[in-house]
Amino acid sequence: MVSHEIRCWDCNSTVKDRYADTCPSCGGLLTIKADLEPLKDKRPEDLHKTPIGVWRYSDFLPADPENKVSIQEGGTPLYKCSALGKDIGIGDLWVKYEGANPTGSFKDRGMTVGVSHAAGIGAGTVGCASTGNTSASLAAYAAKAGMKCVVFLPSGKVAAGKLAQAVFFGAKVISVDGSFDDALDVARRLSENRELYLLNSINPYRPEGQKTVLFEIMDQLAYDVPDRIILPVGNAGNISAVHKAITELKEIGWIDKIPMLTGIQAEGAMPVAAAFASGRTDFIPEERPETVATAIRIGNPISGRKALRAIYDTGGYSASVSDAEILDAQKLLGRKEGIGTEPASAASVAGAIKLREMGIIDRDEKVVCICTGNALKDPDTMISSSEPPLICTKDILSIKNII
Ligand code: F0G
């Protein structure tokens, strides 16, 4: 466990309250400032005694591995996608498949650290607002920790698999009449009153676990730093966490090249991409976000400003893709590589296709797309965007005619 303190990302003041999720002085976003000095004497291989996964990187994490709440998260595959790369004109294309996490999304990386911290400070009830995956993950980790769990979901807009997980793991599921942004408002007010310990990515501990996807990519590529990493952006916690991980590796001298962080949003929910298009460092919230990629159907991303800094600081890019482009990319990834992702995850691949066509991505770039969630999360979308099953009798001859 790294020695650390909570700092305000905006005014840099130190925050003593371990329950806080905004700065008591200026209302700004929080972050963890870790003392990375001991890591400067180490090499990446020194951590390899522990199997690949979130807790291999506990020297970078503000939680005690001895008391961790874990269901063996991380250690997800990094696939080289030659067939897809050839198809879309990118010579060195990789997919980091976060759908292989225990509850089927990247959220488990943040949740193991966030819930471990919650247990450490004696939180009895944890909660979150969610477009689905955060709630599924939190419900599982709360179950493992023996905590009560309350989740707030935008009514009617959560994919079936995710809702099923949250109720199955025993969370109290509350459907809020409104968007994700409304649900987050409710959860934050309850957290201010200490009714629950909030584990959305505004919590400074949770993104710390999410840094580990970058550490794993580096280990899996033997520290051959990719030119570009592409991620879907919703509430913008993940791209900010990946940026923090890059900054930390640079600080301790393990890398000197910086991958260009590229954030992709859906056309119907694109405040970060719109801000980037006009060169702003802040974004204008969108009132009525809408997209088939319900996981990233967010108009007022809590870490939107952090995401924009991540993109500008790394010389990256941000763009939006249409729902049709997302569904096409989802299918292409499935049919060229056998990788099943939910629509929001496929936004990274849709972004790769679009930016290659626009000439933003060069043919010979080494590109890693992070695919954040498993296809099984949203079976309805997979079924409706694919050919229906063929119906026939047991007659072999007629079957031969249709296959
Ligand atoms: N991909 C998937 C599959 C997600 O579930 C999310 C976010 C994102 C990408 C975007 O990540 O918010 O860190 O920018 N899902 C959240 C949730 C909002 O509640 O499950 P982000």
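Worth knowing before you read on, the calculation uses all heavy atoms, side chains too, and leaves out hydrogens, waters and symmetry mates. In each ligand, atom 1 is the first atom listed, and ligand 1 is the first ligand listed. From a predicted model like this one, the values you see are computed outputs, not experimental measurements.
Closest to atom 17 (C) of ligand 1 among all protein heavy atoms lies Thr134 OG1, 2.9 Å. In terms of protein heavy-atom proximity, atom 11 (O) of ligand 1 is closest to Phe106 CZ, 3.4 Å. Looking only at heavy atoms of the protein, atom 5 (O) of ligand 1 is closest to Asn133 ND2, 2.8 Å. In terms of protein heavy-atom proximity, atom 16 (C) of ligand 1 is nearest to Lys107 NZ, 2.9 Å. Of the protein's non-hydrogen atoms, Thr372 OG1, 3.5 Å is the one closest to atom 9 (C) of ligand 1. When only non-hydrogen protein atoms are considered, atom 10 (C) of ligand 1 lies nearest to Gly234 N, 3.5 Å. Nearest protein heavy-atom neighbour of atom 8 (C) of ligand 1: Ile296 CG2, 3.6 Å. Annotation: atom 12 (O) of ligand 1 to nearest protein heavy atom, Asn235 N, 2.7 Å.
Heavy atoms of Glu342 found under 4.0 angstrom from ligand 1 belong exclusively to the side chain.
At a 3.5 angstrom cut-off on N or O pairs, Ser345 does not count as close to ligand 1. Remark: ligand 1 and Thr131 share an N or O pair separated by less than 3.5 Å (distance only, no angle test). For ligand 1, the polar-atom distance check against Gly237 finds a nitrogen or oxygen pair separated by under 3.5 Å. An N or O contact shorter than 3.5 Å links Asn238 to ligand 1 by distance. Below 3.5 Å of separation, one finds no N or O of Ile239 facing any N or O of ligand 1. The shortest N/O to N/O separation between Ser130 and ligand 1 falls below 3.5 Å.
Lys244 has a carboxylate O that lies under 4.0 Å from a charged side-chain N of Glu208, or vice versa, which qualifies the two as a salt bridge. Using a 4.0 Å cut-off between charged nitrogen and carboxylate oxygen, Asp92 and Lys80 count as a salt-bridge pair. Looking at Lys40 and Glu37, a side-chain N of the basic residue comes within less than 4.0 Å of a carboxylate O on the acidic one, giving a salt bridge. Salt-bridge check for Arg356 with Asp362: failed, with every basic side-chain N at 4.0 Å or more from each acidic carboxylate O.
Taking every heavy atom of Ile298 and a limit of under 4.0 angstrom, the matching atoms of ligand 1 come to 18 (C). Residue-ligand proximity, Val233 to ligand 1, at heavy-atom distances under 4.0 Å covers atoms 14 (O).
For the pair Leu231 and ligand 1, no heavy-atom separation below 4.0 Å is found. Residue Ser105 places no heavy atom under 4.0 Å from ligand 1.
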Practice problem: Let me see the working for Lys331 and Ser386 under side chain to side chain donor-acceptor pair (under 3.5 Å), right down to the final yes or no. | Solution: CA-CA 8 Å; Lys331 210 183 270 182; Ser386 306; 5.1 Å; no
Exercise. Begin with the C-alpha distance, continue with both residues' side-chain angles, and end with the deciding distance and a verdict on side chain to side chain donor-acceptor pair (under 3.5 Å) for Ser179 and Asp182.
Key: CA-CA 5 Å; Ser179 65; Asp182 298 317; 3.2 Å; yes
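In terms of heavy atoms, Gly351 sits closest to Ile264 at CA-CD1, 3.7 Å.
Ring-plane geometry between His117 and Tyr197 is classed as tilted, the angle between the planes lying from 30 to 60 degrees on a 0 to 90 degree scale.
Of the candidates Ala236, Ser137, Gly304, Ala236 brings a heavy atom nearest to atom 14 (O) of ligand 1.
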If you look only at distance, which donor and acceptor atoms sit under 3.5 Å apart when one is on a side chain in residues 142-155 and the other is two or more places apart or in another chain?
none

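Using a distance-only test at 3.5 Å, with no hydrogens or angles considered, no donor-acceptor pair links the side chain of Asp21 to the main chain of Asn203.
Annotation: the span from Ser201 atom OG to Ile302 atom CD1 amounts to 7.5 Å, rounded to 0.5 Å.
For Asp224, the salt bridge (charged side-chain N to carboxylate O under 4.0 Å, His left out) partners two or more places apart in sequence, or in a different chain, are Lys366.
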